[in-house]
Amino acid sequence: MALKAAVALFRSRFDGSEPKIAACAPGRVNLIGEHTDYCDGFVFPMALDRVTVVVGRAVEGDRCTIVSAASQIDEKDAIVVFDRPTPSTPTQRDEPKWANYVRGVLATFDDNRGNVPAFEAAIATTVPLGGGLSSSAALEVAAYAFLDALCPDHVPRRSDEEKALLCQKAEHEYAGVPCGIMDQFIAVMGKEGHALKIDCRTQKGDLVPLTDPSVTVLITNSHVRHELSGSEYPKRVQQCDGAARALGKADRKGLRDLKLEDVEAAKSKFDDELQYKRAKHVVSENARTNEAAEALHRGDYTLFGKLMNESHESLKNDFEVSCVQLDTLTELAREVDGVFGSRMTGGGFGGCTVTLVKSTAVQATQEHILKKYPEKYPTPTFFTSAPGMGAHVITLARAVEE
Ligand code: GLA
């Protein structure tokens, strides 16, 4: 769907000409392990079967033109034009904001050395924007995959880890979000039929199969807008630094080496209750994430669901990144027979919940939520997703004919 939309947009914007290259990257849903990645902890996301697609071709001259099909973007902002990156015209942050994800990747891909030709590109996506499903990493990683295909002789050729880190850098420097590595890693390395437990310290992933047709991953979008570049996300990152330092660690990454007993025993060392709660969340969430990955390996959905519920409570009470709509959606989901567990997913303050549910109970879960959810909030929407594939190039001729 996204591919067809991108190709159609390309043709209409660029005088009926054909794109030569297409690449895509998925959004993600994090099953468990939230706000742990920037503390060197564990996360357990899966790639969605929803993707962002970039299609395009190299052109003569110096002018890059990118057009987006995203309906949330104002028409005047849907097209951006800028000089191709060279030492004398390095790529700069600019309006509109969405294009900074692409500009950032463009700048870091080649360090503005001038090896990227001018290009025309069109972008379309099926990843909901601003919903905590990592639409930004999908755009960054899709842009990277596109540039990689556009410049096949570009050096250095990078490993998957390096690609992900480079896209993360682009997000830090061009979008101003001090995010961890989860979103870019899963967007690069997701494998169909698998969730990926990532150790954010070693930056190694452990694939866990998730193909049992009797269970479904249900995503519920609260349509409460989530805006990570606001102050709350960076504040949590800093609070984790403070909490770790109070316990004698150099920075937040030291939280990875602690057990819940250590945090409890050292309670008097924290500056305040808030620091204690932040540390408690990160440390307990790491333990839950490891336990959950093992539970999924064994097909123990009951335990997995229980850990999801506990994760949500910890994010709500100790890390304080949930909101009333996410709390209500998870509570309602848990009332349904056949639901194993439900939690907020992603950065929080809105966005989506993720629910692990028996496939036979998916319909009932949606109906129950819609019936009981307060009308004063935006009406939630639902979709299910199998674990999708990480970034890849799409063969255009065949795909467009399909
Ligand atoms: C956002 C960030 C991630 C991660 C999550 C919370 O999605 O981009 O790096 O920190 O929030 O788990």
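Just follow the structure's listing: the first ligand is 1, and inside any ligand the first atom is 1. Both backbone and side-chain heavy atoms feed into the values below; hydrogens, waters and symmetry mates do not.
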Counting each atom of ligand 1 from 1 as listed, which ones have a heavy atom of [X] under 4.0 Å away?
X    : value
M182 : 4 (C), 5 (C), 12 (O)
G347 : 11 (O)
Y38  : 10 (O)
C179 : 2 (C), 8 (O), 9 (O)

### Message
Please enumerate all residues that pass ring pair (Phe, Tyr, Trp, His ring centres under 6.0 Å) together with F340, with sequence neighbours excluded.
### Response
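For F340, the residues satisfying ring pair (Phe, Tyr, Trp, His ring centres under 6.0 Å) (neighbours in sequence not counted) are Y301.
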In this structure, CE of M344 is separated from CG of N30 (nearest 0.5 Å) by 9.0 Å
Practice prompt. Assess the side chains of D327 and H312: does a donor N or O sit below 3.5 Å from an acceptor N or O?
Written response: yes
- Would you say the side chains of R288 and S311 form a donor-acceptor pair under 3.5 Å? no
Any nitrogen or oxygen of [X], side chain or backbone, less than 3.5 Å from one on ligand 1?
X    : value
G180 : yes
H35  : yes
D37  : yes
T36  : no
E34  : yes

Honestly, for R28 the part within reach of ligand 1 (heavy atoms, under 4.0 Å) is side chain
Exercise. Is a side-chain donor or acceptor of S322 paired with a backbone partner of L315 at a separation under 3.5 angstrom?
Worked result: no
Q.
Going by side chain to side chain donor-acceptor pair (under 3.5 Å), name the residues that satisfy it together with E120, two or more places apart in sequence or in a different chain.
A.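 Checked E120 against side chain to side chain donor-acceptor pair (under 3.5 Å); matches are R57.
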Worksheet entry | Minimum-distance pair of heavy atoms, taken over all atoms of A142 and T52 |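 Shortest heavy-atom contact: CB-O, 3.5 Å.
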